[in-house]
Number of protein chains: 2
Amino acid sequence: MQKEQIAEVLARFPSLAALTLEEWQEEGISITTVPANFTIDEGEFLENAPLILDGLVRIFKLSSDGREVTLYRLSTGECCPLIASSILGETVYEASACVEKPSMVLNVPTKIYKKWIEKHQGFRQYIFQSFARRLIIMSNLIDDIHFKSIRVRISEYLIEHTSAEDDSLAITHDQLAIELGTAREVISRTLKKMEKEGLLRVARGQITDIQRSRLPAVQ
Amino acid sequence: MQKEQIAEVLARFPSLAALTLEEWQEEGISITTVPANFTIDEGEFLENAPLILDGLVRIFKLSSDGREVTLYRLSTGECCPLIASSILGETVYEASACVEKPSMVLNVPTKIYKKWIEKHQGFRQYIFQSFARRLIIMSNLIDDIHFKSIRVRISEYLIEHTSAEDDSLAITHDQLAIELGTAREVISRTLKKMEKEGLLRVARGQITDIQRSRLPAVQ
DNA sequence: AATAACTTGGTGACAAAGTCACAGATTACC
DNA sequence: GGTAATCTGTGACTTTGTCACCAAGTTATT
């Protein structure tokens, strides 16, 4: 690892500030770019723990009949708690990962990763906070799936992925369906209804004119 | 904390073996018995982190309209990762807890809990393994809710809670419904169908003659 | 022992969501 | 410009969840 590289990593992971130069020079630490659609399948053995410097990685589960649930996504400055837990708990990595946007990743051999966590309080805290966030987000996901209608879940997704400035979203019904763990037809039908009510407009691969303020927020 | 008490705790939490006598004498560490139905509501501030010595505690989420999902249960020798994460990540405890069987609990003030984790490798590993298990179990739960029919989920529950020796289970439809995060009527209907097919027999508050080997396992 | 209050389970009608099997429409690309 | 791939729409159906009851059994109360 070169000095400029280290500086770049530290900009995204300030919790690694306490590492010495010798620690950075250990065998196996590297930065790689991973192309979109690169996939790691459930059950694979991992030699390196990734820290995401840039890009977007989706972590998901495959069901027995080949469908997917998105568990969470990782982007700049994030680690994968499931990988961390599998390293620290010495269990298999029980999910799949798919690179959605070309990503830049700091690869840390699992042994070194473990050592960092044990040795450096700042990094340890960072990892724990990631766990915390993830458990809460996952329980909220369970909550959502259980208690919210798709209409509300779609609305919330739209609100979260648009802004006051940009009231449109480039996404296909299929993508949105995978996103929310439902079927494409359900998305199509619901969007169509919402269009009839004047809450938004649908076009091929795009949702426009999203009336953020009028979308149902609860129930 | 007295010596016999410490020994009892260590029997359930061997990962605490490295604690010194002085550490055990710190202010605030205590063992309490908690009666059934004692409840901690979502959002409450916690002064102590519980380690379960004995009993059964259900951790669940309340939805906006008052229904519940069971996230997980804690029994002998277990800690609550959501509490651990809220302590370590300094966030609010975002779930509710309800004591199902009268429980014996080691209460550790959050500051001391944190210190133990930072200081003692064994305990730290134990906590991380709990995280790992929990994340995986929760993602399996998402998987189940999403992809498995209730019939299969009921079957799996029955198989898990009976044995070759004891083919009956004392549980009401309502309890089973809460367990699986569904409605009582759905359980009643499904059990009735399964009874007609000779897979089991239903009685008030009991399911008997469970044909474990004939219950559907997948799909 | 009679009554009331509570628990547990059963049912029918309906709504919401997921599944299946298509059929058009649009776009991409030789 | 024609073909393939992708994206969306639709109808029929199943499963699951919701609602509003009722009936039978259990426990408490007097």
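Note that this is a predicted model, so its numbers are computed, not measured. We use all heavy atoms of the structure for the numbers below, so side chains are in, but hydrogens, waters and symmetry mates are not. Numbered from 1 within each chain, the chains take letters A, B, ... in sequence-line order.
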Handout entry: Between C/dA16 (P) and A/E185 (CD): distance, integer Å
Key = 18 Å

Problem - Distance test, side-chain N/O of A/K192 to OP1/OP2 of D/dT8, below 4.0 Å - result: no

Practice task
Step through the shown structure and confirm whether more than 12 heavy atoms of other residues, nucleotides or ligands are within 6.0 Å of CZ on A/R124.
Solution key: yes

Practice task
Rounded off to whole Å, could you give me the CD1-to-P distance for the B/I150 and C/dG18 pair?
Solution key: 15 Å

Handout entry: Length of the NE2-C1' vector between B/H146 and C/dT19, whole Å
Key = 14 Å

Practice task
Would you mind reporting whether A/V99 and A/T39 have side-chain heavy atoms less than 4.5 Å apart?
Solution key: no

Practice task
Rounded off to whole Å, could you give me the CZ-to-P distance for the A/R151 and C/dA16 pair?
Solution key: 10 Å

Exercise for the section: Could you tell me whether A/Q175 atom CD has more than 12 heavy atoms of other residues or ligands within 6.0 Å of it? Expected result: yes

Practice task
Answer with yes or no whether A/R189 presents, from its side chain, a donor or acceptor under 3.5 Å of a partner atom in the base of C/dT19.
Solution key: yes

Problem - Gap between atoms CD and C1', on B/Q206 and C/dT7 respectively (whole Å) - result: 16 Å

Problem - Separation of D/dT8 P from A/K193 NZ (nearest whole Å) - result: 18 Å

Exercise for the section: Assess whether atom CD of B/E47 is packed by more than 12 heavy atoms of other residues, nucleotides or ligands within 6.0 Å. Expected result: no

Practice task
Examine the base of C/dT26 for any acceptor or donor lying under 3.5 Å from a partner atom in the side chain of A/R204, and report the outcome as yes or no.
Solution key: yes

Practice task
Using a 4.0 Å heavy-atom cut-off across all strands, classify A/A177 as base, sugar-phosphate, or nothing.
Solution key: nothing

Problem - B/T162 and B/D167: CA distance, side-chain angles, deciding distance, side-chain hydrogen bond (donor to acceptor under 3.5 Å, both in side chains) verdict - result: CA-CA 6 Å; B/T162 55; B/D167 63 352; over 6 Å; no

Handout entry: Separation of C/dT8 C1' from B/I207 CD1 (nearest whole Å)
Key = 13 Å

Handout entry: From C/dG10, D/dT16, C/dA17, nucleotide with atom closest to B/H173 side chain
Key = C/dG10

Fill in the blank from the handout: Which of D/dT8, C/dT8, C/dA17 is nearest the side chain of A/S188? It is D/dT8

Handout entry: base_contact_polar (D/dG9 base, A/R184 side chain, donor-acceptor, <3.5 Å)
Key = yes

Fill in the blank from the handout: Whole-Å distance, B/I145 CD1 to D/dT15 C1', equals 16 Å

Practice task
Can you figure out which of D/dG9, D/dG17, D/dA24 approaches the side chain of B/T182 most closely?
Solution key: D/dG17

